[in-house]
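Bear in mind that the values here come from a model prediction, so they are computed numbers and not experimental data.
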Amino acid sequence: MRGFIRTYPGRGDSACKREGRRSVTDVERSVRGDAAADPGTRAAAVRAVLWLLVGVLAVRQVAVVLRRPPGERLIDLETWTGATGVLHMAGSLYDPGRFTGTPFAGLVLKPLTVSAEQALGVVWTFGSLLLVVLLGFVAVRALPAPVSRRTAFLAAPAAITLLMVSLPVRNALHLGQTSILPVLLVLVACFAVRGERLPGVLTGVAAALQPAVLLFAVLFWLTGRRGAAVSGGVTFAVCTALAWVVMPRDSWAYWVHHLAGAGLGDRPDSLANQSLHGALLRFGLQGPLEIALFLALAAAVVVLGLRRAARYARDGQLLLAVAVTGCVAVAVSPTAWQHQLLWVLLAVVGRVGTRASDRLVWPAVVVLVLTLPGKMLLPNVGVVLPVRDNALLIAALGAACAVPFLSRASPHWRRPVPTNYAKPVPARFAWVPLLPFWRRVLSRPNLLLELLLIRVVYSAYAKVRLAATAGRPTAEEHGRQIHAAEQWLHIDIEHWVNHTVVGIPWLREFFDYYYSTFHFLVPLAILGVLYVRRPPDYRWARSTLGFATVLALVGFWLYPLAPPRLMPGLGFIDTVHGVQDLDSPDFGALTAMTNQYAAMPSLHFGWSLWCGVVIALLAPKAWMKVLGLLHPLFTVSAIVATGNHWVLDAVGGAAVVAAGFGLTYVLAGPRRLQAGTGPAVRTGPEAGETAGEPVPEPAGSKA
């Protein structure tokens with residue numbers, strides 16, 4: 001580590017080294033969680049919950065892997081070491097095309113072929129989870145100092161949780177891959193052992209398993225650790241030469257015929273290959289032109305990325321330097337499969353942005369990209385498909401070459417520009433016990449993160465909505481219950497309205513168009529206007545809509561309901577989807593795209609009612625308020641006229657919207673803020689800001 005710590009400009013080498021040693025000692029003491037560093041009972045409770053979550057995730061990962069039948073679990077491991085695996089067969093490892101590791105990896109794995117298959121699967125899974133835990137502890141010890149007591153107290157369980165839910169770890173556990181080990185070896189080499197020779201040996205072994213990791217020897221050289229760099233290169237050469245001696249045919253196939261593994265495994269242009277080479281192939285480039293362009297881009301990424309990594313290492317951000325180098329290795333490898341992309345998650349430690357409100361943007365983007373599939377991050381729209389299909393590569397390239405991580409010498413490293421919080425007016429309903437879990441922010445949220453979160457939440461909503469079905473008989477039984485209740489209440493007007501509208505062509509076309517079009521357009525337009533013109537009200541409105549939607553999902557799950565148009569024997573006409581044969585078992589073919597039994601409550605009406613309430617409260621003109629209130633009126637008419645909802649579905653939609661407004665009121669306080677002339681006092685520090693410092697609220701924040 002001595003070669004990494006150079007660091008602050010204007011200080012002597014000896015002072016820098018002393019401060020570096022003190023910083024590392026402080027981090028280690030904080031991570032151990034001694035009595036002096038205990039931040040309090042509340043943090044201890046949070047830490048206990050996080051460790052419980054780690055345990056639950058570990059048990060779930062083991063159960064998911066081991067409960068699969070043979071042939072569907074630890075796929076790569078069984079392909080290598082099973083009774084008919086490539087490590088058992090005579091001849092080359094690469095002839096069947098099922099082994100993608102280096103010859104040295106095959107040499108290391110060969111002894112496993114004598115193990116019992118069931119025992120090997122259990123031991124391998126538990127061993128992989130142990131490596132993940134060790135990786136989390138080593139990464140936490142490497143956090144750049146100074147580390148707050150609360151961060152040090154909670155960092156280990158939080159880091160292990162993120163690792164376990166990340167796509168690379170989940171993919172490695174599912175396939176039985178060895179990709180966690182090289183990452184751990186490099187981190188141990190950089191942070192857990194001293195001297196020059198042993199770190200180089202560990203890095204060389206990691207490079208023998210994953211050749212692109214040899215770039216860390218270059219990082220050692222650039223940061224003054226020449227002995228570690230030479231030791232790493234020599235160890236890599238010795239391991240590779242040993243594999244050549246024992247398996248010359250396999251070594252020739254891997255290093256020469258397949259150009260360091262290129263072309264092994266899946267197709268190199270598949271979405272699973274998140275390297276520059278894979279992206280260029282997906283863009284349609286082939287042959288010498290693609291190879292030349294790949295080599296040129298790879299050289300540029302290596303030069304720029306390693307220079308940045310060396311700069312962060314000299315700055316004392318050792319873990320960030322390792323993450324940047326790993327991201328370079330991912331980008332320039334001929335193939336970078338999903339289980340090899342764990343380096344990108346380590347880049348979450350970098351600090352980006354001078355404002356406190358922007359500090360969570362980069363970590364949130366990294367975590368979302370590394371834990372969710374691309375289909376949840378971006379819609380299936382042609383213009384964004386290149387971004388969606390290469391999201392992991394883009395994150396790696398951003399960390400390696402583009403993201404402006406702050407230097408520790410920056411005045412904003414510890415004290416970012418504070419966030420302006422508003423002090424709400426006293427509660428109108430004093431008898432309601434408020435639980436203000438978050439404070440109202442006056443500035444608008446980051447647009448990129450906001451769009452990403454909205455997309456993720458909507459994708460989760462769509463998945464839950466599609467899964468929340470108990471089948472046709474239950475949904476139709478609930479439909480008969482609703483119909484009977486409406487008859488008892490004398491509000492069963494759906495059949496009359498439906499047939500009346502069908503007899504008036506222009507009115508039928510109007511309601512069909514209104515039902516299909518305005519459901520999404522109006523809420524998105526309102527959110528867009530509020531985001532630009534009234535940020536505090538945008539946050540309030542967005543929260544109410546989110547709560548209402550989540551509550552509606554509970555209704556879809558607990559009470560699947562057939563809408564009038566899917567009720568046999570009642571004579572409703574489906575004006576939007578056309579005539580359906582209710583006697584056919586697969587008449588609900590649309591359920592392949594959406595759950596047709598998610599009718600109670602009606603979010604068509606619920607969202608339109610939300611729009612009407614928000615416009616009525618916030619619009620400056622009376623005619624705007626009236627126009628806004630017409631939207632829920634037209635919507636409830638459309639959902640009944642088209643046969644898509646019962647009247648009581650609209651009542652349910654109104655109930656979840658009312659509950660959404662109520663929850664936001666309880667958790668965040670009243671919507672109205674203080675007048676612009678009064679100061680808003682922050683009630684607590686955020687990311688280094690001083691508690692109690694008055695911050696003037698900008699004019700115009702009052703609704």
Side-chain angles (χ1 to χ4, degrees), residues 1-7 13 16-17 20-21 24 102-105 135 138-139 141-142 144 179 181-244 255 260-261 295 298-334 336 340 342-343 346-347 349 396 399-401:
M1 295 181 63
R2 288 180 292 122
F4 275 132
I5 303 174
R6 287 285 177 197
T7 105
D13 287 345
C16 294
K17 292 178 181 178
R21 285 193 293 269
V24 173
T102 63
F104 179 74
L135 185 62
V138 176
R141 290 188 60 178
S179 51
L181 183 58
V183 181
L184 179 59
L185 289 174
V186 170
L187 289 185
V188 170
C190 293
F191 304 111
V193 297
R194 299 184 179 276
E196 297 291 315
R197 181 176 300 175
L198 185 54
V201 170
L202 293 175
T203 304
V205 173
L209 297 173
Q210 190 174 324
V213 173
L214 193 60
L215 286 173
F216 282 94
V218 182
L219 178 64
F220 286 147
W221 187 275
L222 293 176
T223 53
R225 301 185 65 179
R226 306 294 172 86
V230 173
S231 178
V234 170
T235 302
F236 169 76
V238 169
C239 293
T240 304
L242 178 63
W244 271 93
W255 292 106
L295 292 177
V301 171
V302 168
V303 172
L304 180 58
L306 290 183
R307 289 181 61 184
R308 280 163 52 92
R311 183 169 70 250
Y312 295 131
R314 289 190 292 268
D315 187 52
Q317 300 185 64
L318 314 184
L319 184 57
L320 179 58
V322 170
V324 169
T325 306
C327 290
V328 173
V330 166
V332 303
S333 297
Q340 298 173 328
L342 196 54
W343 304 103
L346 299 180
V349 300
C401 304

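- Atom CG of residue L320 and atom CZ of residue R308 lie 8.0 Å apart, to the nearest 0.5 angstrom.
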Anything under 3.5 Å between a donor and an acceptor, one on a side chain of residues 226-233, the other on a protein residue two or more places apart or in another chain? List them.
unit_1 : atom_1 : unit_2 : atom_2 : d
R226   : NE     : W221   : O      : 3.2
S231   : OG     : R197   : O      : 3.0

Can you give me every donor-acceptor pair (side chain of residues 199-218, partner residue at least two apart or in another chain, under 3.5 Å) with its distance?
unit_1 : atom_1 : unit_2 : atom_2 : d
T203   : OG1    : P199   : O      : 2.9

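- For the atom pair OG1 (T223) and CG (L318), the distance works out to 9.5 Å, reported to the nearest 0.5 Å.
- Residues forming a side-chain hydrogen bond (donor to acceptor under 3.5 Å, both in side chains) with S179 (at least two apart in sequence, or on another chain): H339.
- Between the CZ atom of R311 and the CG atom of L222 there is a distance of 12.0 Å, given to the nearest 0.5 Å.
- Closest non-hydrogen pair, C401 versus V301, comes out as SG-CG1, 3.9 Å.
- A139 approaches L319 most closely through the heavy-atom pair O-CD2, 3.4 Å.
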Quiz: residues 323-333 side-chain donor-acceptor pairs under 3.5 angstrom, not counting sequence neighbours:
unit_1 : atom_1 : unit_2 : atom_2 : d
T325   : OG1    : A321   : O      : 2.9
S333   : OG     : A329   : O      : 2.5

